[in-house]
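Here's the structure we're looking at; comments come further down.
Source: prediction; values computed, not measured.
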Amino acid sequence: NSSPDTNNKSNRLASLRAQLQEEEKGGLSTSLNEFASTAPEEAVVVVKNKKAPPRSARILPKPSWLKAPATATSENYKELRSTVRELGLATVCEEAKCPNIGECWGGDNSTAATATIMIMGDTCTRGCSFCSVKTSRAPPPLDPEEPQKVADAIHKWGLDYVVLTSVDRDDLDDQGAGHFRSVVQALKKKPNKHGDTLYVEALTPDFRGELDLVSTVATSGLDVYAHNIETVEALQGRVRDRRAGYKQSLSVLEHAKSGHHVDGMSKLLLTKTSLMLGLGETDEDIRATLSDLRSIDVDVVTFGQYLQPTRRHLPVKQYVTPEKFADWQTEAENMGFKYVASGPLVRSSYKAGEFYLTNLLKEQERNAAVASVL
């Protein structure tokens with residue numbers, strides 16, 4: 001015998017079958033396939049993945065005051081370029097796409113051509129968002145003959161002031177400090193071809209804040225220790241490689257300024273740094289940075305306009321006017337810096353400052369000589 005529940009289920013199924021048959025007779029039913037193929041277009045919703053709006057590849061147009069002189073074609077320019085190629089040297093003038101290369105390399109009848117030699121290769125282990133120098137975690141090995149090659153080139157040019165800079169070499173145990181020292185010492189072994197003293201400025205990396213490595217370079221016999229703080233404290237993380245830092249750079253400059261002994265004699269180095277403007281810094285940011293630099297007795301500061309080297313690099317936020325650069329020069333001079341170079345196309349090793357520094361160094365030597373007699 002069937003249970004009441006079973007009978008109820010059978011009755012419901014029979015009722016459903018009868019209802020379906022009636023609908024089919026009246027043309028009210030469609031198969032699943034028919035439903036899918038005849039569904040109205042407006043019922044179909046196509047969902048597409050939304051992409052973020054592309055980052056603008058447009059570089060802010062340069063104002064008229066940023067038009068650099070055309071690349072020189074003078075004999076000085078050709079000779080310097082030829083020597084660089086012949087000895088396999090790298091210059092920051094080329095690697096960093098400096099706008100002053102024509103003026104500095106060309107020189108004129110009254111001015112010697114100048115160049116900033118970049119040692120330890122043309123490939124950096126860091127990736128700052130403003131810099132166009134090539135990067136790699138494992139750059140090629142150092143050239144052991146580079147110190148003598150650089151010395152030969154500088155002697156051939158007859159310069160009385162030379163700037164050495166380098167890529168970062170975090171891949172090396174001493175980050176290249178020993179090699180930097182060797183280049184300075186090779187340059188200092190003899191005067192230039194005119195028999196004059198050769199002054200050497202070293203624009204160094206931060207050596208990750210390892211002060212013994214700063215001392216390795218500072219005691220090499222150089223005359224000016226330069227290290228660029230690059231930008232104000234608030235923008236450091238966005239502008240520089242994460243291994244760099246504002247306080248770390250200040251510690252490098254402060255340590256370089258402390259008394260070092262060279263050949264048994266105490267030597268107080270001039271210290272120098274540079275700031276790029278136009279990255280979004282405020283006037284208050286700049287003043288705070290200048291105050292920090294003076295508190296550790298930095299002697300020389302330069303201001304220049306940041307220029308975006310390629311579309312892949314940090315965009316320019318603002319083009320600072322020549323008048324504003326002049327204001328910063330006056331303000332920095334009033335704070336006690338011994339020399340200030342400030343202008344849209346000024347770079348940390350721009351030659352306009354080198355002539356002044358040469359005279360400043362000669363004056364220091366004369367004062368030191370007088371003091372030793374007394």
When you look at F180 and S220, which way does the side-chain contact (heavy atoms from CB on, under 4.5 Å) test go after all the steps? CA-CA 9 Å; F180 215 127; S220 62; over 6 Å; no
Verify side-chain contact (heavy atoms from CB on, under 4.5 Å) between R287 and E331, making sure each step is shown before the conclusion. CA-CA 9 Å; R287 289 191 181 97; E331 188 162 339; 2.6 Å; yes
Please evaluate residues K317 and E281 with respect to the criterion salt bridge (charged side-chain N to carboxylate O under 4.0 Å, His left out), reporting the C-alpha separation (whole Å), side-chain torsions for both, the decisive distance (0.1 Å), and the verdict. CA-CA 9 Å; K317 293 289 186 181; E281 67 286 333; over 6 Å; no
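- Heavy-atom minimum distance, T271 versus V298: OG1-CA, 3.3 Å.
- Closest approach of K62 and L307 over heavy atoms only: CE-CD2, 4.4 Å.
- Looking at S129, its side chain does come within 3.5 Å of a backbone N or O of V239 through a donor-acceptor pair.
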Evaluate the side-chain contact (heavy atoms from CB on, under 4.5 Å) criterion for residues L279 and Q318: first the C-alpha distance (whole Å), next the side-chain angles of each, then the deciding distance (0.1 Å), finally the verdict. CA-CA 7 Å; L279 288 162; Q318 177 192 13; over 6 Å; no
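- I117 has its side chain out of reach of V163: every pair of non-hydrogen atoms, C-beta onward, lies at least 4.5 Å apart.
- The backbone N or O of M120 sits less than 3.5 Å from a side-chain atom of E146, completing a donor-acceptor pair.
- Y306 places no side-chain N or O within 3.5 Å of a backbone atom of T231 that could act as its donor or acceptor partner.
- Donor-acceptor pairing under 3.5 Å is recorded for the side chains of D285 and T282.
- Using a 4.5 Å cut-off on side-chain heavy atoms (C-beta onward), L270 and K338 make contact.
- With hydrogens and angles ignored, the 3.5 Å screen pairs no side-chain donor or acceptor of S136 with any backbone N or O of C124.
- Within the 3.5 Å criterion, the main-chain N or O of Y339 finds no donor-acceptor partner in the side chain of K272.
- Judged by distance alone, the side chains of H255 and S215 do bring a donor and an acceptor atom under 3.5 Å apart.
- Summarising the geometry, atom CZ belonging to R243 is positioned 8.0 Å from atom CZ belonging to R208; distances are rounded to the nearest 0.5 Å.
- Within the structure, every pair that satisfies the salt bridge (Lys or Arg N to Asp or Glu O under 4.0 Å) test and touches residues 318-327, not counting sequence neighbours, is listed here: D283-K324.
- Checking R240 against S249 by side-chain atom types alone, a donor-acceptor pair falls below 3.5 Å.
- Minimum heavy-atom separation, E201 to A226: OE2-CB, 3.7 Å.
- Using a 4.5 Å cut-off on side-chain heavy atoms (C-beta onward), L213 and V217 make no contact.
- For the residue pair T219 / R181, a side-chain donor-acceptor distance below 3.5 Å is found, with atom types taken as modelled.
- Remark: the backbone N or O of D170 is not paired with any side-chain donor or acceptor of D168 at under 3.5 angstrom.
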side-chain hydrogen bond (donor to acceptor under 3.5 Å, both in side chains) between H179 and S182, worked out: CA-CA 5 Å; H179 189 84; S182 296; 5.8 Å; no
Apply the test salt bridge (charged side-chain N to carboxylate O under 4.0 Å, His left out) to residues K149 and D143: give CA-CA distance (whole Å), side-chain angles for both, the deciding distance (0.1 Å), then the verdict. CA-CA 10 Å; K149 287 180 180 178; D143 178 4; 2.9 Å; yes
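- Among all heavy-atom pairs drawn from G127 and D241, the shortest one is N-OD2, 3.0 Å.
- Annotation for D173: atom CG does not count as buried by contact number, only 12 or fewer foreign heavy atoms lying within 6.0 Å.
- When side chains are defined from C-beta on, L293 counts as touching F337, because their heavy atoms get closer than 4.5 Å.
- Nearest approach of L66 to P344, heavy atoms of both residues: CD2-CB, 3.6 Å.
- Rounding to the nearest 0.5 Å gives a distance of 9.5 Å between SG of C128 and CD of Q236.
- Taking the six-membered ring for Trp and thresholds of 30 and 60 degrees, F303 and W328 have nearly parallel ring planes, at less than 30 degrees apart.
- Counting heavy atoms from C-beta on, the side chains of D122 and M118 come closer than 4.5 Å.
- Between E230 and L275, the closest side-chain pair of non-hydrogen atoms is not below 4.5 Å.
- Checking side-chain atoms of T165 against main-chain N and O of L203 turns up a donor-acceptor pair under 3.5 Å.
- Here NE2 of H227 is found 13.0 Å from CD of E254. Values are rounded to the nearest 0.5 Å.
- If you take NZ on K257 and CD1 on I296, they are separated by 10.0 Å, rounding to the nearest 0.5 Å.
- Ion pairing of R294 with D299 is absent here, as no side-chain N (NZ or NE/NH1/NH2) approaches a carboxylate O to less than 4.0 Å.
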Determine, step by step, whether E233 and T289 satisfy the side-chain contact (heavy atoms from CB on, under 4.5 Å) criterion, reporting the C-alpha distance in whole Å, the side-chain angles of both residues, the deciding distance to 0.1 Å, and the verdict. CA-CA 7 Å; E233 186 171 15; T289 301; 5.6 Å; no
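- Side-chain contact annotation: T302 with S274, donor-acceptor N/O pair under 3.5 Å present.
- The main-chain N or O of D212 is found under 3.5 Å from a side-chain atom of T216 such that the two form a donor-acceptor pair.
- The backbone N or O of F207 sits nowhere less than 3.5 Å from a side-chain atom of Q248 that would complete a donor-acceptor pair.
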Apply salt bridge (charged side-chain N to carboxylate O under 4.0 Å, His left out) to residues R137 and D171 and explain how you reach the verdict. CA-CA 7 Å; R137 291 180 181 176; D171 59 311; over 6 Å; no
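- Taking 4.5 Å as the limit, some side-chain heavy atom of R169 sits within range of a side-chain heavy atom of L142.
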Residues Q305, Y319; criterion side-chain hydrogen bond (donor to acceptor under 3.5 Å, both in side chains); working and verdict: CA-CA 7 Å; Q305 172 69 52; Y319 284 120; over 6 Å; no
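- Residues T125 and T135 form no side-chain contact, since every pair of their non-hydrogen atoms from C-beta on lies 4.5 Å or further apart.
- Each of V184, V183, T204 was compared with L222 under the side-chain contact (heavy atoms from CB on, under 4.5 Å) criterion, and only V184 meets it.
- For the side-chain contact (heavy atoms from CB on, under 4.5 Å) with Y199, the qualifying choice from D223, V224, V162 is D223, the only one to do so.
- Closest of all the heavy-atom pairs between I286 and L277 is CD1-CD2, 3.7 Å.
- The closest donor-acceptor contact from the side chain of S342 to the backbone of A326 lies at 3.5 Å or more, if one exists at all.
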Between D292 and K247, does the salt bridge (charged side-chain N to carboxylate O under 4.0 Å, His left out) criterion hold? Intermediate values first, please. CA-CA 10 Å; D292 289 339; K247 289 183 172 58; over 6 Å; no
